[in-house]
There are 2 protein chains.
Amino acid sequence: MPKLGMEPIRKAALVKATIVEIGRAGSLDVTVSQIAKRAGMSSALAHHYFGSKEDMFLAAMRHILSLYGAEVRGALAAAGDAPEARLQAILRASFSPGNFRREAVGAWLNFYVLAQTVAEARRLLAIYQRRLRSNLMSDLRPLVGARAPGVAAALGALIDGVYLREALKNGPPDSAAAVAVVMDFLTTELGKQS
Amino acid sequence: MPKLGMEPIRKAALVKATIVEIGRAGSLDVTVSQIAKRAGMSSALAHHYFGSKEDMFLAAMRHILSLYGAEVRGALAAAGDAPEARLQAILRASFSPGNFRREAVGAWLNFYVLAQTVAEARRLLAIYQRRLRSNLMSDLRPLVGARAPGVAAALGALIDGVYLREALKNGPPDSAAAVAVVMDFLTTELGKQS
DNA sequence: CTTTTTGTTGATTGACGAGTCAATAAACTT
DNA sequence: AAGTTTATTGACTCGTCAATCAACAAAAAG
């Protein structure tokens, strides 16, 4: 049976399954067997490709983060040069259906928890936060000048907060409503005089 | 040895120890033995007073939530009738040293995770959110009128987001900075014309 | 002073789960 | 054809932990 070149396929399947299972369970309390089963293989094979459960978690995290990064990059490329449009693009990408799926949001929250104990997870999350901040800052500066740092901090926290609340809500995530809340904040900040 | 009337003392010690241990561990992955040890008793006794580990978690959550509620109520009573002052009081209470301690913030995050799986935890968190929202709304309405619902939603999410980010940061929580971020948002919203 | 209630623990049970290993087999190499 | 690498799994080990239990102690009730 063994076909060659399975490694990337298996790994991808495991990463996907990890996210789904964490999302379903709503916690990191998922067994390797559950994940492996969902990915259609034995738990031994999962251990063969990833050395440990933690490695699976980290791979899943990297996947979500890189997916998010790609989405933002894409949206930013499509947006023009106008800072307002670029900011809007970042926000829309942040809540785009790709990242704002049920499981992804659930997984996201749990990655924050993972980051409390696992240094590598903390590092990954820090990268995400830095990148977001830098993106926001560069388009915020021409619009609000010296107030950019504060506004960027608030925007970052707001996005995370909206995610957090979405994770709790029952019912499907409402991307449009989420964007609306954050956009509203943004337009208010931009409209401020002084 | 057995002195009578131990129950409330033991329970209180366990609740406190639960919060500390969750905060230290940065996850719900704490054993009953750890908690019991920190509270100065055997794990068997912990099971004697609370039926299960889940009950301990819920009691800890209730404790944190009621602490928060009391703090807000107190601050609100001390504030006068001016809506601006009352809003400020709510925010300051939200980040007061009582709630904004290292362990408490860590525990808070994990209670969000707990709420994903345990219905009672979800209920408790929902109560907190509703109460916060209602408090904000009643003082927001005179100030921003029809925009109150949106602003309240954003404020709620922002507070949670700031908590979330604080949980990750290393170093001690910075209450003043946290309040500043949220207050800044608030003053901008209040200053908005239209 | 005996019985009940309350407090307390060490030891045990029973389940579950991460990670290992030996074995099997297909495909590639020489 | 013989040997090596890659894929794959069932069975097993070993540890951990929630929950239970039997037993003991002290106070309160009768």
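Throughout, protein chains are lettered first and strands after them, A, B, ... in sequence-line order, and every chain is numbered starting at 1. In this text the structure is predicted, and so the values were computed from the model without any measurement.
One interatomic measurement links the two molecules: CD of Q34(A) to C1' of dC16(C), which rounds to 11 Å at whole-angstrom precision. To the nearest angstrom, P of dT6(C) lies 15 Å from CD1 of I9(B). If you take NZ of K11(B) and C1' of dG7(C), they are 14 Å apart, rounded to a whole angstrom. I35(B) places its CD1 atom 12 Å from the P atom of dC17(D), with the value rounded to the nearest Å. One can place CZ of F57(B) at 12 Å from P of dC17(D), the figure rounded to the nearest angstrom. Between the CE atom of M41(B) and the P atom of dT9(C) there is a distance of 8 Å, given to the nearest Å. As a whole-Å value, the separation of D29(B) CG from dC16(C) C1' is 14 Å. One interatomic measurement links the two molecules: CE of M6(A) to C1' of dT5(D), which rounds to 15 Å at whole-angstrom precision.
For A44(A), the side-chain atoms get nearest to dG10(D) when compared with the rest of dT6(D), dG10(D), dG10(C). Nearest nucleotide to the side chain of R10(B), out of dG7(C), dG10(C), dT8(C): dT8(C). For T31(B), the listed nucleotide lying nearest its side chain is dC17(D); candidates were dC17(D), dT9(C), dT20(C).
Side-chain contact, Y68(B) with S94(B): a donor N or O sits under 3.5 Å from an acceptor N or O. A donor-acceptor contact closer than 3.5 angstrom links the side chains of Q88(B) and R92(B).
Residues from residues 45-56 of chain B with heavy atoms under 4.0 angstrom of DNA chain D, sorted by number: H47(B), S52(B), K53(B).
Taking a cutoff of 4.0 Å between a charged side-chain nitrogen and a carboxylate oxygen, E103(A) and K16(A) do not qualify as a salt bridge.
Closest approach of F100(A) to P173(A), counting heavy atoms only: O-CG, 3.1 Å. Across I9(B) and G5(B), no two heavy atoms sit closer than the pair CD1-O, 3.8 Å. Nearest heavy-atom pair, R147(A) versus T188(B), reported as atom, atom and distance to 0.1 Å: NH2-OG1, 3.9 Å.
Side chain of R141(A) to main chain of A146(A): no donor-acceptor pair is present (N/O by atom type, distance under 3.5 Å, no hydrogens or angles).
Hydrophobic cluster membership is shared by I90(A) and L190(A), with clusters built from Ile, Leu, Val, Met, Phe, Trp and Tyr side chains linked at under 4.5 angstrom.
Applying the salt bridge (charged side-chain N to carboxylate O under 4.0 Å, His left out) test to residues at least two apart or on different chains, none of the pairs has a partner in residues 48-58 of chain B.
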I'd like a table of atom pairs between the protein and nucleotides 3-5 of chain C - only N or O on both sides, under 3.5 Å - with the distance next to each one.
none

